Amino acid sequence: MGQSQTKNMEEIAVADLQELYKKFVTECPSGALFLHEFKKFFGVTSNSEASEYVESMFRAFDKNEDNTIDFLEYVAVLNLVLRGKLEHKLRWSFKVFDKDGNGCVDKNELKQIIESIYHLKKGWKQDQDVPLITPEELCNKIFQLVDENGDGQLSLDEFIQGAQKDVWVLKMLQLDMNPCGWVMEQRRKSALF
């Protein structure tokens with residue numbers, strides 16, 4: 001029974017990957033996806049908070065830093081997001097949070113990403129038992145739990161170790177990327193209009 005469920009999950013993932021490939025080829029026949037195309041790909045228009053989040057994602061996807069995402073970079077990140085190990089997902093999330101690329105995440109960077117996520121998911125349902133806290137409060141709580149040396153910056157090691165030690169921190173720091181869901185939802189919306 002477990003093998004059947006795993007096989008079905010893999011088949012769904014393969015079907016989703018095929019849809020994503022079709023979308024990539026349709027949106028980007030040249031094979032190089034630029035930032036403005038990436039935003040369009042994920043349905044982000046003028047919203048500045050969503051735009052900042054997607055720009056951070058773009059930088060994390062762009063492994064060779066040529067300001068484009070080719071299909072291999074795209075597939076590599078999708079594979080990581082869909083099938084990767086927790087530590088690798090956290091490393092990728094860290095890269096998204098580290099907006100200036102200096103190897104540390106400061107409170108401002110963390111707060112900006114949290115604000116972007118809050119804005120993107122404004123329609124999400126929060127846990128019944130957990131009141132929604134502000135991005136500032138969330139940022140402070142994460143730093144209180146994770147910033148072991150108290151320097152006001154999270155190193156990659158602090159980020160990963162903090163997330164692995166505390167389930168709540170893990171939930172807050174591991175980005176819910178679900179690119180398949182975003183693309184499928186975007187396709188559904190465009191089919192309605």
Side-chain angles (χ1 to χ4, degrees), residues 20 24 27-28 30-121 135-136 138-166 169-179 182-183:
L20 292 170
F24 187 90
E27 297 285 329
C28 186
S30 70
L33 188 63
F34 292 90
L35 179 59
H36 69 280
E37 294 168 321
F38 188 74
K39 287 180 181 182
K40 180 181 172 189
F41 191 79
F42 284 105
V44 173
T45 54
S46 61
N47 180 307
S48 64
E49 290 170 341
S51 183
E52 286 180 32
Y53 181 58
V54 171
E55 287 172 21
S56 292
M57 284 177 32
F58 182 86
R59 284 191 306 275
F61 272 74
D62 183 17
K63 295 286 191 191
N64 64 1
E65 299 178 358
D66 67 352
N67 295 318
T68 64
I69 298 171
D70 62 34
F71 189 69
L72 290 177
E73 289 170 324
Y74 179 72
V75 168
V77 173
L78 285 181
N79 188 51
L80 168 69
V81 170
L82 295 172
R83 297 187 177 122
K85 294 180 179 180
L86 176 61
E87 183 175 341
H88 296 133
K89 289 179 182 182
L90 287 169
R91 286 179 182 277
W92 188 82
S93 293
F94 182 84
K95 189 171 181 179
V96 173
F97 280 103
D98 183 15
K99 291 176 71 171
D100 63 9
N102 70 350
C104 294
V105 175
D106 62 34
K107 283 187 176 183
N108 189 45
E109 288 172 318
L110 182 63
K111 185 176 155 224
Q112 286 176 356
I113 294 292
I114 291 169
E115 287 171 344
S116 298
I117 293 169
Y118 268 35
H119 186 60
L120 282 172
K121 295 187 172 191
E136 181 81 30
L138 181 57
C139 181
N140 288 337
K141 185 172 181 179
I142 289 171
F143 265 82
Q144 182 181 24
L145 294 170
V146 177
D147 186 15
E148 293 196 9
N149 62 6
D151 67 352
Q153 296 185 332
L154 302 180
S155 68
L156 177 60
D157 288 339
E158 287 174 321
F159 188 90
I160 291 172
Q161 289 170 10
Q164 290 176 334
K165 282 193 278 186
D166 189 300
V169 172
L170 174 62
K171 186 176 177 180
M172 297 299 113
L173 293 180
Q174 184 180 355
L175 297 177
D176 176 15
M177 285 296 304
N178 192 7
W182 287 3
V183 172

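Quick caveat: nothing in here was measured; it's all calculated off a predicted structure. Sequence positions, counted from 1, serve as the residue numbers for this chain. Computed from heavy atoms alone, side chains included, the values below leave out hydrogens, waters and symmetry copies.
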Student: Determine the minimum heavy-atom distance between Ala163 and Leu170, stating which atoms define it.
Tutor: O-CB, 3.2 Å
Student: Among all residues two or more places apart in sequence or in another chain, which pass the salt bridge (Lys or Arg N to Asp or Glu O under 4.0 Å) test with Lys95?
Tutor: none
Student: Can you tell me how far CE of Met57 sits from CG of Leu35, rounded to the nearest 0.5 angstrom?
Tutor: 10.5 Å
Student: How would you list all residue pairs meeting salt bridge (charged side-chain N to carboxylate O under 4.0 Å, His left out) that involve residues 138-154, not counting sequence neighbours?
Tutor: Glu148-Lys165
Student: What's the shortest heavy-atom distance between Ala32 and Thr68, and which atoms?
Tutor: CB-CB, 4.1 Å
Student: Rounded at 0.5 Å granularity, tell me how far CD in Gln112 sits from NZ in Lys107.
Tutor: 14.5 Å
Student: Yes or no on side-chain contact (heavy atoms from CB on, under 4.5 Å) for Val105 and Ile113, after CA distance, side-chain angles and deciding distance?
Tutor: CA-CA 11 Å; Val105 175; Ile113 294 292; over 6 Å; no
Student: How long is the straight-line distance from CD1 of Ile114 back to CG of Leu138, given to the nearest 0.5 Å?
Tutor: 4.0 Å
Student: Kindly indicate whether the side chain of Glu55, heavy atoms from C-beta on, has any atom under 4.5 Å from the side chain of Lys99.
Tutor: no
Student: Roughly how far, to the nearest 0.5 Å, is CZ of Phe97 from CG of Leu156?
Tutor: 12.5 Å
Student: If you look only at pairs with a residue in residues 63-79, which of them pass as a salt bridge (charged side-chain N to carboxylate O under 4.0 Å, His left out), with sequence neighbours excluded?
Tutor: none
Student: Between Glu158 and Val146, what is the shortest heavy-atom contact and its length?
Tutor: O-CG1, 3.1 Å
Student: Using ring-ring contact (aromatic ring centres under 6.0 Å, His included) as the criterion, list what pairs up with Phe58, not counting sequence neighbours.
Tutor: Phe38
Student: Rounded at 0.5 Å granularity, tell me how far CG in Asn140 sits from NZ in Lys111.
Tutor: 9.0 Å
Student: Check whether Glu109 reaches the backbone of Asp100 with its side chain - one donor and one acceptor, N or O, closer than 3.5 Å.
Tutor: yes
Student: Under the side chain to side chain donor-acceptor pair (under 3.5 Å) test, which residues partner Ser155, sequence neighbours left out?
Tutor: none
Student: Cys139 and Leu110: which non-hydrogen atoms are nearest, and at how many Å?
Tutor: SG-CD2, 3.8 Å
Student: Going from CG on Asp62 to CG on Asn67, what distance comes out if it is rounded to the nearest 0.5 angstrom?
Tutor: 6.0 Å
Student: List the atom of Val96, the atom of Ala60, and the distance in Å for their closest heavy-atom pair.
Tutor: CG2-CB, 3.5 Å
Student: Can you list everything that forms a side-chain contact (heavy atoms from CB on, under 4.5 Å) with Cys104? Sequence neighbours excluded, please.
Tutor: Asn102, Gln153
Student: Where is the tightest heavy-atom contact between Phe159 and Leu154, given as atom of each residue plus distance?
Tutor: CD1-CD1, 4.4 Å
